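In this text the structure is predicted, and so the values were computed from the model without any measurement.
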Amino acid sequence: MSLALNTSYLRDFVSPAELEALEPYVETAHRLLHSRSGQGSEFLGWLELGQNRCLEELARIQAAARQIQKDSQVLVVIGIGGSYLGARAALDFLRSPNYNALPKDTPDILFAGNSLSPDALNETLELCKGKDISLNVVSKSGTTIEPALAFRVFRDLVEKKYGKEGARKRIYCTTDKAKGNLKSLADREGYQCFVIPDDVGGRYSVLTPVGLLPIAVAGCDLQALLDGCAAAERAYANPKLSQNDAYRYAAIRNILARKGKVSEVLVSYEPAFVMLGEWYKQLFGESEGKDGKGLYPTSMCFSTDLHSLGQYVQDGSPILFETVLALKRNRRDFYLEPEAEDFDGLNFAAGQNLSAVNHKAFMGTLLAHVQGGVPNLVVEIEDRSEYTFGYLVHFFEKACAMSGYLLGVNPFDQPGVQNYKTNMFALLGKPGFEEQRKQLEQLLSDL
C-alpha cells in the first residue's frame, strides 16, 4: 500500500469506544455516498475517476501535452482555487518547488489568474518575455474575475505574438462541455477544449483534465497517477472503520472537534509538500466550513515552521491537532560527513544521512507535541511517485466527503463563496448590481 494511517499517538485522546460509537453513522454516510442519495449527490463523479478513466480524453490530453512540450518554452496555467491548486500541488510533489529553475526537457509552468495583484501579473508577463508560450485557461464558466482578467491579458499577448491563427494553436481551454462564456469563446475561435465533468466540483478536480494537462506537460505519468487513484478507490470502498483508513481519519477528526480541537494542522517535513497543504486547505475548508461548523484547516512545514509557530503549537491555546505527512523514502539522500575539528559541534549528527536527521526531528517533535497535549495522526506515504500522489488525493477526498456527512453539512457546495463576489461586482460597477452598490457605499460611509 502507498499509504497507511498511524493512530498509535492518539491513545490519550481518542478511545476505541468513541470510534466504535461512530461506526453506524459512518456506515450510513457510506451508503449515502455510494448510492448517490445524500446531500450533493450530483457532485460525486470523483468517487471513481481512477477506475472509470476516459481513455479517449486521456489520449487527447497526452497529445496536447506533447504538442505544448514541442512548441513552447512556457505553459501559463490560468485559474484560481480548484482550477489551479491541485495542479500546483502535483507539480511540486512530483517534480519540485524549483521545477522551473532546474534543468529539464519540459516547459516551465507558470500560474496566473489566482489573484488580482498587478505586481504578480506583471512579473509573470516578464517571465514570458522572449519565450514561446502556450496557455491553459481553466474555468467552468469563464466569468470568474481573477482568471478571466488574466486570460484577457495573456490572450492578447499570444495574439500579438503569433497572430490570430497562431494563437489558436496555443490556447487550450479546460471548461464546461456545453455552456458558459469560455466554452462559447473557444467554439468561436477554434481553441482546443477539455471537459470539466459536470459531476466533479473544483476542489475535487485535480485528477480530471483540470489538473491532468499541466501535470502531463511536466512529463508526469498520467497512467500511474490514475492507477494510484484506482487502487485507493478500491481500498476505501469498505464501510468498516477498522478496514478503511480514510473513514477512520474522518471519524477521528470528528471526535477531536467535539473535544474542542477546532483546528487541524497538516504538517509535512518536505518543502515539496507545501502546496499540497494549500490544496488540502481548500478541500476541507470549502467542504466543511458552513452552517457555523467545520474544523479550521491550516498547514505548516517542519522543521522550518518550528522556528516560528512551534511555540504556539506546543504551549499555545489547546485548540489544535496535527496530521503529519511522513515520507518514507526520499529520492536522493545526502550523507553528512564528520568534520575533523568539529568546529560547529555538530559531529553528533554527522556520519549518517540527512533523511535520518529529518526523521529524528519528526519523531522528537511528535513526541513533544503529544506530551504537550496535542493529538497527532500520522499519514505515512511511500514516496513521491505519481502512483502515491493519486492514492493520496483520493484518500483526502474520500475522508473529506465522509467528514462532511458526519458533521451534517453538504461537503460539495460552497454557498458562502458567492458573498464576496457579489460585493466585489457591486463595487466594480458590474451591470445588475446597482442596488447592492448603493447599500455598500452607504455602509462604507457609515463606518
Exercise. Under 3.5 Å, is there a donor-acceptor pair linking the side chains of Tyr280 and Glu264?
Worked result: yes
Seminar exercise, completed: salt bridge (charged side-chain N to carboxylate O under 4.0 Å, His left out) pairs touching residues 393-422, sequence neighbours excluded, are Lys290-Asp413
Exercise. In terms of ring plane angle, is the pair Phe396 and Trp279 parallel, tilted or perpendicular, where the classes change at 30° and 60°?
Worked result: perpendicular
For this session: For the residue pair Arg258 and Asn254, confirm or rule out a side-chain donor-acceptor distance under 3.5 Å.
Result: yes
Exercise. Going by distance alone, is a donor N or O of one side chain under 3.5 Å from an acceptor N or O of the other, for Asn181 and Thr143?
Worked result: no
For this session: Consider only side-chain N and O atoms of His30 and Tyr247, and report whether a donor and an acceptor are under 3.5 Å apart.
Result: yes
For this session: Heavy atoms only: give me the nearest Ala216-Ile61 pair and the separation to one decimal.
Result: CB-CG2, 4.4 Å
Exercise. What class does the angle between the rings of Phe362 and Tyr269 fall in, given that below 30° is parallel, 30 to 60° is tilted and above 60° is perpendicular?
Worked result: perpendicular
Exercise. Is Arg332 close enough and on-axis enough to Phe334, meaning under 6.0 Å and within 45°, for cation-pi?
Worked result: no
Exercise. Can Lys281 and Glu278 be counted as an ion pair, charged N to O under 4.0 angstrom?
Worked result: yes
Exercise. What closest approach, in Å, do Ser72 and Pro107 show between heavy atoms, and which atom pair accounts for it?
Worked result: O-CG, 3.4 Å
Problem set entry | Check: Gly219 main-chain N/O paired with Arg95 side-chain donor or acceptor under 3.5 Å | yes
Seminar exercise, completed: Distance col, row Arg88:CZ vs Tyr99:OH, nearest 0.5 angstrom, shows 12.5 Å
Exercise. Less than 4.5 Å apart, any side-chain heavy atom of Asn244 and any of Met402?
Worked result: no
For this session: Decide yes or no for Asn423 and Phe433: does some side-chain heavy atom of the first lie under 4.5 Å from some side-chain heavy atom of the second?
Result: no
Problem set entry | Geometric class of the Tyr84/Phe111 ring pair [parallel <30°, tilted 30-60°, perpendicular >60°] | tilted
Exercise. Is there side-chain contact between Leu213 and Val138, with heavy atoms separated by less than 4.5 Å?
Worked result: no
Exercise. Quick one: does Gln69's side chain have a donor or acceptor within less than 3.5 Å of a partner on Val217's backbone?
Worked result: yes
Exercise. Can you tell me if CZ on Arg152 sees more than 12 non-hydrogen neighbours from other groups inside 6.0 Å?
Worked result: no
Problem set entry | Considering all heavy atoms, the nearest Gly50-Cys229 contact | N-SG, 3.7 Å
Problem set entry | Carboxylate-amine/guanidinium contact Asp156 Lys160, below 4.0 Å | yes
Problem set entry | Electrostatic pair Arg53:Asp227 at N-O distance under 4.0 angstrom | yes
Problem set entry | Flag for Gln442-Asp446: side-chain donor and acceptor within less than 3.5 Å | yes
Exercise. Going from OH on Tyr387 to CG on Leu225, what distance comes out if it is rounded to the nearest 0.5 angstrom?
Worked result: 11.5 Å
Exercise. Distance from Asn238 atom CG to Gln243 atom CD, nearest 0.5 Å?
Worked result: 4.5 Å
For this session: Indicate yes or no: at least one non-hydrogen side-chain atom of Thr144 is less than 4.5 angstrom from one of Phe151.
Result: no
Problem set entry | Asn114 versus Gly79, closest heavy-atom pair with distance | CB-O, 3.5 Å
For this session: Look at Arg329 together with Glu382 and state whether they make a salt bridge at an N to O cut-off of under 4.0 Å.
Result: yes
Exercise. Is the shortest heavy-atom distance from the side chain of Gln223 to the side chain of Leu58 under 4.5 Å?
Worked result: yes
Exercise. Can you find a pair of side-chain heavy atoms, one from Tyr204 and one from Ser287, that are under 4.5 Å apart?
Worked result: yes
For this session: Using atom types as modelled and distance alone, determine if a side-chain donor or acceptor of Ser184 lies under 3.5 Å from a backbone N or O of Gly180.
Result: yes
Problem set entry | Residue pair Val265 / Met300: nearest heavy atoms and the distance that separates them | CG1-CG, 3.6 Å
For this session: May I ask you to decide if Trp46's main-chain N or O and Asp199's side chain share a donor-acceptor pair within less than 3.5 Å?
Result: no
Exercise. Is any side-chain N of the basic residue among Glu434 and Arg437 closer than 4.0 Å to the acidic one's carboxylate O?
Worked result: no
For this session: Would you mind telling me which of Val137, Ile78, Leu185 makes a side-chain contact (heavy atoms from CB on, under 4.5 Å) with Arg155?
Result: Leu185
For this session: State whether the side chain of Glu146 and the backbone N or O of Gly113 hold a donor-acceptor pair below 3.5 Å, judged by distance alone.
Result: no
For this session: May I ask you to decide if the ring planes of Phe389 and Phe93 are parallel, tilted or perpendicular, using 30° and 60° as cut-offs?
Result: tilted
For this session: Give the intermediate values and the outcome of side-chain contact (heavy atoms from CB on, under 4.5 Å) for residues Leu276 and Leu392.
Result: CA-CA 10 Å; Leu276 186 67; Leu392 183 63; 3.6 Å; yes
For this session: Would you confirm whether Asp176, through its side chain, and Lys179, through its main-chain N or O, come within 3.5 Å as a donor-acceptor pair?
Result: yes
Problem set entry | Whether over 12 other heavy atoms sit under 6.0 Å from Tyr25 OH | no
For this session: Check whether any side-chain heavy atom of Glu270 lies under 4.5 Å from a side-chain heavy atom of Asn330, and answer yes or no.
Result: yes
For this session: Look at Glu27 together with Lys240 and state whether they make a salt bridge at an N to O cut-off of under 4.0 Å.
Result: yes
Exercise. Hey, mind stepping through Ser37 and Ser35 against side-chain hydrogen bond (donor to acceptor under 3.5 Å, both in side chains) and telling me if it holds?
Worked result: CA-CA 5 Å; Ser37 57; Ser35 65; 2.6 Å; yes
Exercise. Distance-only, no hydrogens or angles: does the Asn122 side chain make a donor-acceptor pair with backbone N or O of Pro118 under 3.5 Å?
Worked result: yes
Exercise. What's the spacing between Ser139 OG and Ile80 CD1 if we round to 0.5 Å?
Worked result: 10.0 Å
Seminar exercise, completed: Exactly one of Asp198, Thr174, Thr175 clears side-chain hydrogen bond (donor to acceptor under 3.5 Å, both in side chains) with Lys140, and that residue is Asp198
Problem set entry | N/O donor-acceptor pair under 3.5 Å between Thr388 side chain and Ser2 backbone | no
Problem set entry | Closest heavy-atom pair and its distance - Tyr172, Ala64 | CE2-CB, 3.8 Å
Exercise. Any side-chain heavy atom of Leu327 sitting closer than 4.5 Å to one from Asn358?
Worked result: no
Exercise. Is atom NZ of Lys104 surrounded by more than 12 heavy atoms (other residues, nucleotides or ligands) closer than 6.0 Å?
Worked result: yes
For this session: Would you check if the side chain of Tyr162 reaches a backbone N or O of Arg168 as a donor-acceptor pair within less than 3.5 Å?
Result: no
Exercise. Atom OG1 of Thr422 and atom CD of Gln436: how far apart are they, to the nearest 0.5 Å?
Worked result: 6.5 Å
Exercise. Is the number of heavy atoms from other residues, nucleotides or ligands within 6.0 Å of NZ (Lys293) greater than 12?
Worked result: yes
For this session: Kindly compute the distance separating CD (Glu322) from CG (Leu256), expressed to the nearest 0.5 Å.
Result: 12.0 Å
Exercise. Looking only at atom types and distance, does a side-chain atom of Arg36 sit under 3.5 Å from a main-chain N or O of Leu44, one as donor and one as acceptor?
Worked result: yes
Exercise. Once the angle between the rings of Phe412 and Tyr405 is folded into 0 to 90°, is it parallel (under 30°), tilted (30 to 60°) or perpendicular (over 60°)?
Worked result: perpendicular
